[in-house]
Amino acid sequence: MGNTKFIFVTGGVTSSLGKGIISASLAKLLQARGFRVTIQKFDPYINIDPGTLNPYEHGECFVTDDGAETDLDLGHYERFLGTPTSQANNVTTGRIYNHVITEERKGSYLGKTVQVIPHITDEIKRRMILLGENGDFDVVITEIGGCVGDIESLPFVEAVRQLRWDLGAHQTLVIHLTLVPYLKAAGELKTKPTQHSVKQLSEAGVQPDILVCRSERTLPQDIRRKIANFCNVNLNSVIQSLDADSIYDVPLLMQKEELDKRVLAKLKLPASPEPNLKVWKEFLGRLKNPTKEVTIGLVGKYVELRDAYKSIIEAFIHAGAENECKVNLKWIQSDFVTIENVESHLKDLDGVLVAPGFGERGIAGKIDAIRYVRENNIPFFGICLGMQVAVVEFARNVLNLENANTVEVDPDTKHAVIDIMAEQKLITDMGGTMRLGSYPCELQKGTKIYSCYKKQKIDERHRHRYEFNNKYRDQFETHGMKVTGINPETRLVETVELEEHRWFVAAQFHPELKSTVVNPHPLFSGFVKAAIEYVKSKSNVEVKA
Ligand code: GLN
């Protein structure tokens, strides 16, 4: 394990304080000083991974290159750091128990009673230090999901307590994220919830080194002092985290509060050079000073919970900044779109994205939306299910294949233009069995998609069971829907586009999962460019009129 340092980030008082963003921001600051950093998330729920969760439960499921279905915080880690995560970066209680129970059945603990302590905690500890084992990282940050005090988090906190002893001083650090609420009626910031939350953590044997206090208001010195006194931390280890305009401001806010310096001092790591955040600041400069504006409709069935589309939202932010363009998203619940009202939903938009998804609900509205943008030459971007529905719409309304469908919606359709993949046919288990992770794709030169990537060989991440049915390929191509990217090994269709359309591009893969601050995704960027061009063309028409 060498000299790898382990930082644990816990949370208290309430969920949704932004542990993931604080972890990613700290990681960014350390990375910008030249340290090799990775972040992992430990989630207390029993599911083996979030792959089987409805997006309404826990937001988007983020897929890694190696095909792990993971928590959406891993998306933040990748977007901030620009380095890929893997299966090892997301561990759940379910995965821990699964391992221990499998070992028990094998006889690995023969003769012994298998218990939470030490067997479960030992396995948690093994996983917590795993990424530090090969000397690949100077710092491993572990975010513990949930709140201290939750019954289900206890084994994780206990593992942290033990690891602090196992690894010795200066090898580990605990950062606790809490809330300092402002009570309007009293006109005061209140420290009691923080005191209680730290007390709870201390009762479990873990004394935090640094407190990051989320607050709507600036923490005055006397409040910081009070927190430091009651919670046994140094005054300069009480870090305020104010609500920010953008999550991408948080690394700079944390730098201003000297979170990185406190961490380095406590871990006895060198505090020079200062972080090099040039590229990050340039990105923020472009993000905050747009010269243009477009409005994109996002048609999906989980739009009530924005977290269900987290990576798409962030990919638009990156692509918008790259184009110095403010991208407004208009959320459109596909359940409510009908052939009668589709025009009122979409007519003023500068582009429409049809989102990924599963199951029949919302499909009809997506078909109507795609027909409208296809016929009205409005920029369109389809992702995964969005591509599949674009294919179904084209089959029905251009190829006149009556009731053409995806077999996900109609297993008995006469025209299965989207079919179940051969290797999926015999699969009955739901967890971790889709076509997952990174696969190569070869793009055809001279196409719109090629002009985005500017290269032929790409790799993108996948999460699906159904595919374009190659039996129909010629028919589609003769009528103008071109297959522009295929998997070179399996011949699976990866991308399609319309020849006679301003910008109608759809992908079976998920480009949003690979967009980062430093490398905005070329397809999102191309789509935003197409929307900007469309806005220009509309205003030209108005001027002429
Ligand atoms: N439900 C479709 C499939 O499984 C699309 C999945 C998705 O949009 N991620 O193929």
Side-chain angles (χ1 to χ4, degrees), residues 49-65 67-70 72 75 298-303 305 307-313 315 334-335 352-367 369-370 380-393 395 404-411 413 416-439 441 460-470 472 487 490 492-496 505-515 521 523-524:
D49 60 41
T52 51
L53 295 178
N54 186 312
Y56 285 131
E57 290 274 317
H58 221 56
E60 152 192 293
C61 173
F62 188 80
V63 180
T64 57
D65 276 337
E69 296 179 288
T70 71
L72 57 73
L298 195 151
V299 183
K301 71 170 180 179
Y302 312 110
V303 292
L305 184 75
D307 270 0
Y309 302 106
K310 195 80 208 159
S311 292
I312 292 179
I313 299 172
S334 48
D335 282 358
V352 169
L353 181 142
V354 173
F358 294 84
E360 185 178 4
R361 180 169 73 82
I363 295 273
K366 288 181 175 173
I367 292 181
I370 294 173
F380 165 76
F381 189 12
I383 299 182
C384 205
L385 183 69
M387 170 181 128
Q388 297 176 352
V389 179
V391 167
V392 170
E393 188 279 322
N405 217 328
T406 156
V407 299
E408 182 176 9
V409 174
D410 178 5
T413 174
V417 287
I418 300 293
D419 203 355
I420 182 117
M421 281 182 277
E423 74 263 27
Q424 288 286 329
K425 281 189 179 140
L426 298 174
I427 291 176
T428 49
D429 281 2
M430 296 299 275
T433 56
M434 281 187 248
R435 179 176 182 241
L436 290 167
S438 184
Y439 286 93
C441 167
E460 291 285 2
R461 299 183 191 168
H462 298 71
R463 184 173 188 243
H464 64 121
R465 291 187 202 281
Y466 301 88
E467 60 163 322
F468 182 98
N469 187 343
N470 267 316
Y472 291 89
N487 178 305
T490 58
L492 280 187
V493 171
E494 294 283 5
T495 66
V496 297
V505 175
Q508 185 57 72
F509 50 73
H510 290 262
E512 73 277 18
L513 302 177
K514 281 181 67 166
S515 184
H521 197 282
L523 265 182
F524 276 85

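Order of appearance sets the numbers: ligands from 1, and atoms from 1 within every ligand.
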Quick one: look up the protein heavy atom nearest [atom] and list residue, atom name and how far away it is.
atom	result
atom 2 (C) of ligand 1	Glu408 OE1, 3.2 Å
atom 7 (C) of ligand 1	Cys384 SG, 2.9 Å
atom 4 (O) of ligand 1	Arg465 N, 3.0 Å

N or O pair under 3.5 Å between Phe358 and ligand 1: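 Among all N and O atoms of Phe358, none is under 3.5 Å from an N or O of ligand 1.
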
Any N/O pair Ile383/ligand 1 closer than 3.5 Å: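 It does not: no N or O of Ile383 is found under 3.5 Å from an N or O of ligand 1.
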
pair Val63-His510: side-chain heavy atoms closer than 4.5 Å: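 Result no, sub-4.5 Å side-chain heavy-atom pair not found.
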
Leu492 vs Arg435 side-chain heavy atoms within contact, under 4.5 Å: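 Of all side-chain heavy-atom pairs linking Arg435 with Leu492, at least one is under 4.5 Å.
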
Ion pair Arg463/Glu69, N-O distance below 4.0 Å: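 Judged by the 4.0 Å cut-off on N to carboxylate O distance, Arg463 and Glu69 do form a salt bridge.
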
Side-chain ion pair, Arg361 and Asp335, N-O less than 4.0 Å: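 Salt bridge flag = yes for Asp335 with Arg361.
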
Atoms of ligand 1, numbered as shown, that sit under 4.0 Å from any heavy atom of Gly357: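 What qualifies from ligand 1 is 1 (N), 2 (C), 5 (C), 6 (C), 7 (C), 8 (O).
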
Contacting atoms of ligand 1, where contact means under 4.0 angstrom from a heavy atom of Arg463: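 Checking each atom against Arg463, I get 6 (C), 7 (C), 9 (N).
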
Residues 380-389, side-chain donor-acceptor partners within the protein, below 3.5 Å, at least two apart:
{"from": "Gln388", "atom 1": "NE2", "to": "Tyr466", "atom 2": "O", "distance (Å)": "3.2"}
{"from": "Gln388", "atom 1": "NE2", "to": "Gln508", "atom 2": "OE1", "distance (Å)": "3.3"}

His510 contact mode with ligand 1 (heavy-atom cut-off under 4.0 Å):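 Looking at His510 and ligand 1, just side chain atoms fall under 4.0 Å.
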
Per-residue contact class, Met434 against ligand 1 - non-hydrogen pairs under 4.0 Å: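 Within the 4.0 Å criterion, Met434 makes no contact with ligand 1.
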
Flag for Glu460-His521: side-chain donor and acceptor within less than 3.5 Å: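 A pair is found: one side chain offers a donor N or O, the other an acceptor, under 3.5 Å apart.
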
Plane angle bin for Tyr302 and Tyr309 - parallel if under 30°, tilted between 30 and 60°, otherwise perpendicular: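 Because their plane-to-plane angle lies in the 30° to 60° range, the rings of Tyr309 and Tyr302 count as tilted.
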
